[in-house]
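Note that the structure is predicted; figures quoted are calculated from it, not measured. Ligands are counted one by one from 1 in listed order, and the atoms in each one are counted from 1 as well.
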Amino acid sequence: MKRITILGSTGSIGRSALEVISKRRDRFKVVGLTAGSNIRLIEEQVKTFKPEIIAVADEADALRLRKKLGMEVLSGASGISEVASYNRSDFVLSAIVGFAGLLPTLSAVRAGKVIGLANKESLVVAGEIVMEDAAKYGAKIIPVDSEHSAIFQCIEGRGRDSIKRIVLTASGGPFFGRTKAELSKVTPEDTLKHPNWDMGRKITIDSATLMNKGLEVIEAHHLFGFSSDKIDVLVHPQSIVHSMIEFKDRSYLAQLSVPDMKGPIAYALSYPERLENHIAALDLSMIEKLTFRKPDTECFPCLLYAYEASKEGGTMPAVLNAANEVAVDAFLQKTIGFNDIPAIIKDTMNSHRTEAVREIDAVIRADRWAREKARESINGFSGRT
Ligand code: NAD
Ligand code: MG
């Protein structure tokens, strides 16, 4: 029986993971859960899955939940990190969204856990520290992001020297093919309608701007140890080929399935085994065509900014990520327009003096600085659109 902790159990990934687990109660037991503010849902999850340790972001919510459930409820970043390192769990699914996932992920890493990593932002902002600490504390990181799960599955057991490059596929999001002028008019409601994937709000906006793919380039760099010039992106609107590797001999290996996050989640949970899963079968005879195109980085420059941040290294990826989180929030609140998201990120990056990252405090400082700077530029932008 694998004993599982889920950080961010009320989110899109967290709920899909519980669905996978509920079908295989013979193999998996939930021992830890954490949530941000969806207290009603975590209460329900606790009643169904009976974990041993839980935490929520806010102390007042924890108090109320304690009374309702009659069990200890930890709170705040420290409570969530305590759940992440709980000594009676074997596997931690890191599925909190954004920078808030960094410290809990590090806590699981430093406790030497097997980690199913969905929270890509922790690798983007502090990839060197997370990967070095994983080696130091004996933690194993198994990617859950569908592209990285695909690469992980393709790369297994193969010599790194045989690989020429990684190709990440991107759906292109809901606005693939639109012009900049058209993009200036899109609303958050339009942007939240993703054609292939059903995901949380932040990553759905990131998919539309191509920032999600940019973050994934940096994530792949840290996970697989290739520099970003060996990581390419192709737009593949059908989202069937989840990613591929090209070998030196010009041969490719790819991983295919229907677009359903329960696939990569189940693979991470059961790794190195493969279990029967409950996702739809892929019937290639029903799919008319699989197409691949170069991304349009003129209309969607966030991808380029991520490559730049990756090349620059140090604190710059943390600045890219923080400015993006602030800009996405402002877009969702209709303070800025769609095309202002990349503009704010670029503005923030241009004002940053990169520092080396030797400890996590440098990342936290850069994150705070970039949030403040991005908010300043939003005040300048918001009157304009
Ligand atoms: P979501 O918004 O649906 O859920 C986020 C979870 O994090 C929720 O449980 C929420 O309560 C919790 N949370 C948010 N802020 C918090 C805070 N400050 N403190 C503690 N908990 C907090 O997000 P999601 O779509 O499930 O994405 C989660 C992560 O997985 C992201 O990093 C995303 O990039 C990655 N990911 C998601 C998908 C997907 O299909 N949804 C695919 C690939 C990767
Ligand atoms: Mg992905």
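Other residues, nucleotides and ligands contribute over 12 non-hydrogen atoms within 6.0 Å of the CD atom of E189.
Atom 35 (C) of ligand 1 has as its closest protein heavy atom A118 O, 3.1 Å. Considering only non-hydrogen protein atoms, atom 18 (N) of ligand 1 sits nearest to A100 CB, 3.4 Å. Regarding atom 4 (O) of ligand 1, its nearest protein heavy-atom neighbour is G11 CA, 3.1 Å. With respect to atom 36 (N) of ligand 1, the closest heavy atom belonging to the protein is I203 CD1, 3.6 Å. When hydrogens are left out, the protein atom nearest atom 5 (C) of ligand 1 is V97 CG1, 3.7 Å; that is the closest non-hydrogen contact.
Atoms of ligand 1 lying under 4.0 Å from any heavy atom of D145, numbered from 1 in the order shown and given with element: 43 (C), 44 (C). Less than 4.0 angstrom separates some heavy atom of G200 from each of these atoms of ligand 1: 3 (O), 25 (O), 41 (N).
Selection from A77, A95, S122, S94 by nearest heavy atom to atom 6 (C) of ligand 1 gives A95. If you check each of N119, I13, I96 against atom 16 (C) of ligand 1, the one with the closest non-hydrogen atom is I96.
Geometrically, R368 does not engage F99 in a cation-pi contact, judged by NZ or CZ lying under 6.0 Å from the ring centre and within 45° of the ring axis.
Legend: ring pair (Phe, Tyr, Trp, His ring centres under 6.0 Å) pairs involving residues 147-178, not counting sequence neighbours, sorted by first then second residue: F152-Y271, F175-F338.
The existence of a salt bridge linking E246 and K230 is excluded, since no basic side-chain nitrogen approaches an acidic carboxylate oxygen closer than 4.0 Å.
Looking at M261 next to ligand 1, no N or O pair under 3.5 Å apart turns up. The shortest N or O to N or O distance between E121 and ligand 1 is below 3.5 Å. At least one N or O atom of T10, backbone or side chain, sits closer than 3.5 Å to an N or O atom of ligand 1. Taking only nitrogen or oxygen atoms, main chain and side chain alike, G36 reaches within less than 3.5 Å of ligand 1.
Shortest distance from the Mg ion (ligand 2) to E216 is reached at OE2 (N/O/S atoms only).
Heavy-atom separations between G14 and ligand 1 are all 4.0 Å or longer. In this structure, K202 has no heavy atom closer than 4.0 Å to ligand 1.
With rounding to the nearest 0.5 angstrom, the CD atom of E219 is 9.0 Å from the CG atom of N119. In this structure, L215 CG and L210 CG are separated by 11.0 Å, a value rounded to the nearest 0.5 Å.
By the criterion of a heavy-atom distance under 4.0 Å, both the backbone and the side chain of K120 are placed next to ligand 1. The side chain of I80, and not its backbone, has at least one atom closer than 4.0 Å to an atom of ligand 1 (non-hydrogen atoms only; side chain from C-beta on). The parts of S12 lying near ligand 1 are both backbone and side chain, judged by heavy-atom distances below 4.0 Å.
The hydrophobic cluster containing V97, built from Ile/Leu/Val/Met/Phe/Trp/Tyr side-chain heavy atoms closer than 4.5 Å, comprises no other residue.
Considering only heavy atoms from C-beta on, T348 comes within 4.5 Å of S377 through its side chain.
The OE1 atom of E147, the Mg ion (ligand 2) and the OD1 atom of D145 define an angle of 100° (nearest 10 degrees).
Looking at R158, its side chain does come within 3.5 Å of a backbone N or O of C154 through a donor-acceptor pair.
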